[in-house]
Amino acid sequence: MHFLLIGVAMFGAYAWLNAGSSDTDPSRDIVLTDDDLLQMQVVWRAQGRPAPTVAQLQGMIDTKVREEVLYREALAMGLQNDDVIVRRRMAQKMDFLAEDLASLRELTREELQVLFKAQPREFGLPPRASFHHLYFSFDKRGGKAREAADAAAVRLATRPGDPNPAGVTGDAFMFQDRYAERTPDQVAAVFGGPFAQAVFEVKPGAWSAPIESAFGWHVVFVDASTPGSMPEFELVEPQIKAAWVQEQRAELKRQAYDVMRAKYRVVLPAKAPAVPASAPAKP
């Protein structure tokens, strides 16, 4: 009983001596500045709303305070530890910080023109073709699909220049029978690279020999084609600059990561594969 009373007295004395300390502890303050309030109102107005009322502004303040309270209490409880989402988000923020775009200089017009001439494939206009096709399905015809395509090509060869010959038909195709103004990459995305290459070798206004795709065999009529070309520099100048900035951003991130990576030593289990001292960062 004596020890119990002594414990209660000590607890009471501690509470009395520390009364109000939490009220004066600066770390317990949640400070909202004029800039914070202005930012809330800017975000509010950016959504197409009229200026917030006093009650609406108070609601935004309450939401901000609630977020800060929950954030601090979560940190105090260590909830950020071993949280995959938090780790990824913080790593992403470090990636953003590594993109020190402020250090990039402004390229001159002459330098942009050099980049333009040095990368014709990236900034050039790709060729385009409009075509339709007769399709002979692997699924429906099996090994006879090529034979049917050859027979159709022979019949079509007797009627050159006829884009819609009567009496010559194929199988129903799962996508489109006609394609307009397609680039090689767009054609390859549907039919595959070898098919796209073959289509752009067909003379416009004529039927092709059978061309194979992953779906079967096709006899293709090219309605029109436009060769690739280089656009005027002025038309792609913003694109050239954006590509250069993107390239520099990736390089800055790589350099920043190499500096940070050099501070650490990776320790792996004995049977684990070796890790290089400085692994390249992904852009």
Side-chain angles (χ1 to χ4, degrees), residues 22 24-49 52 57 59-109 111-112 114-116 118-119 121-123 185 189 236-283:
S22 60
T24 59
D25 184 358
S27 66
R28 311 295 290 182
D29 294 341
I30 297 177
V31 179
L32 297 182
T33 65
D34 290 336
D35 288 339
D36 292 327
L37 300 181
L38 179 60
Q39 183 181 17
M40 293 178 191
Q41 296 177 68
V42 169
V43 173
W44 177 275
R45 294 294 296 274
Q47 299 173 8
R49 302 171 178 177
L57 182 58
M60 288 187 279
I61 293 173
D62 292 342
T63 299
K64 178 72 174 178
V65 170
R66 182 178 187 276
E67 178 186 85
E68 184 65 21
V69 168
L70 294 177
Y71 171 70
R72 294 188 186 187
E73 291 301 308
L75 288 180
M77 296 177 66
L79 298 183
Q80 78 279 12
N81 297 333
D82 301 320
D83 189 303
V84 175
I85 295 177
V86 172
R87 290 169 62 89
R88 289 176 180 172
R89 180 59 177 159
M90 294 178 71
Q92 185 184 51
K93 283 192 172 184
M94 286 301 299
D95 245 354
F96 290 152
L97 290 174
E99 297 177 7
D100 184 15
L101 299 182
S103 64
L104 294 183
R105 63 183 179 86
E106 189 75 15
L107 285 182
T108 66
R109 186 179 179 84
E111 289 172 321
L112 289 173
V114 170
L115 292 175
F116 173 63
Q119 303 180 53
R121 178 175 176 80
E122 182 173 353
F123 302 116
D185 287 344
V236 293
E237 184 176 354
Q239 179 183 344
I240 299 170
K241 184 175 181 180
W244 181 80
V245 170
Q246 181 66 26
E247 181 180 341
Q248 296 304 305
R249 175 185 284 115
E251 177 62 18
L252 288 171
K253 288 172 63 174
R254 185 194 65 78
Q255 293 177 2
Y257 175 76
D258 285 346
V259 172
M260 291 184 284
R261 177 64 177 80
K263 300 177 183 178
Y264 298 91
R265 180 174 63 93
V266 177
V267 180
L268 296 173
K271 295 183 179 181
V275 173
S278 180
K282 293 183 179 181

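All of these numbers come straight from a predicted model, not from anything done at the bench.
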Practice item. May I have all residue pairs that pass salt bridge (Lys or Arg N to Asp or Glu O under 4.0 Å) and include part of residues 34-43, sequence neighbours excluded? Key: none

Point to revise | salt bridge (Lys or Arg N to Asp or Glu O under 4.0 Å) against Glu67, all qualifying residues, sequence neighbours excluded | key: none

Point to revise | Contacts of Glu247 that satisfy salt bridge (Lys or Arg N to Asp or Glu O under 4.0 Å) - sequence neighbours left out | key: none

Point to revise | Non-neighbouring partners of Arg89 that pass side-chain hydrogen bond (donor to acceptor under 3.5 Å, both in side chains), sequence neighbours left out | key: Gln92

Study note, to complete from the structure: Between the CG atom in Leu75 and the CG atom in Leu70, the distance rounded to the nearest 0.5 Å is 11.0 Å

Revision key, fill the gap. Across all chains, not counting sequence neighbours, the side-chain contact (heavy atoms from CB on, under 4.5 Å) partners of Val65 are Ile30, Leu32, Ile61, Val69

Check your understanding: Thinking salt bridges, do Lys241 and Glu237 make one under a 4.0 Å N-O criterion?
Key -> no

Check your understanding: Nearest heavy-atom pair of Gln80 and Ala74: which atoms, and what distance?
Key -> OE1-O, 3.8 Å

Exercise for review: Locate the shortest heavy-atom distance separating Arg72 from Arg28; write the atom from each residue and the value.
Suggested key: NH1-C, 3.8 Å

Check your understanding: Quick one: side-chain hydrogen bond (donor to acceptor under 3.5 Å, both in side chains) partners of Glu251, sequence neighbours excluded?
Key -> Arg254, Gln255

Exercise for review: Step by step, work out the side-chain contact (heavy atoms from CB on, under 4.5 Å) result for Arg66 and Asp62.
Suggested key: CA-CA 6 Å; Arg66 182 178 187 276; Asp62 292 342; over 6 Å; no

**Study point:** Test side-chain contact (heavy atoms from CB on, under 4.5 Å) applied to Arg49 - qualifying residues, sequence neighbours left out
**Key:** Trp44, Gln47

Practice item. State the CD-OG1 distance between Gln39 and Thr33, to the nearest 0.5 angstrom. Key: 9.0 Å

Check your understanding: For Leu38, does the CG atom have more than 12 heavy-atom neighbours from other residues, nucleotides or ligands under 6.0 Å away?
Key -> yes

**Study point:** Considering all heavy atoms, the nearest Asp83-Val86 contact
**Key:** OD1-N, 3.1 Å

Practice item. List for me each residue that meets salt bridge (Lys or Arg N to Asp or Glu O under 4.0 Å) alongside Lys64, sequence neighbours excluded, and say none if there are none. Key: none

Review point. Partners of Ala243 by side-chain contact (heavy atoms from CB on, under 4.5 Å), sequence neighbours excluded?
Key: Glu122, Phe123

Practice item. Kindly give the heavy-atom pair with the smallest separation between Met40 and Met60, and that separation in Å. Key: O-SD, 3.8 Å

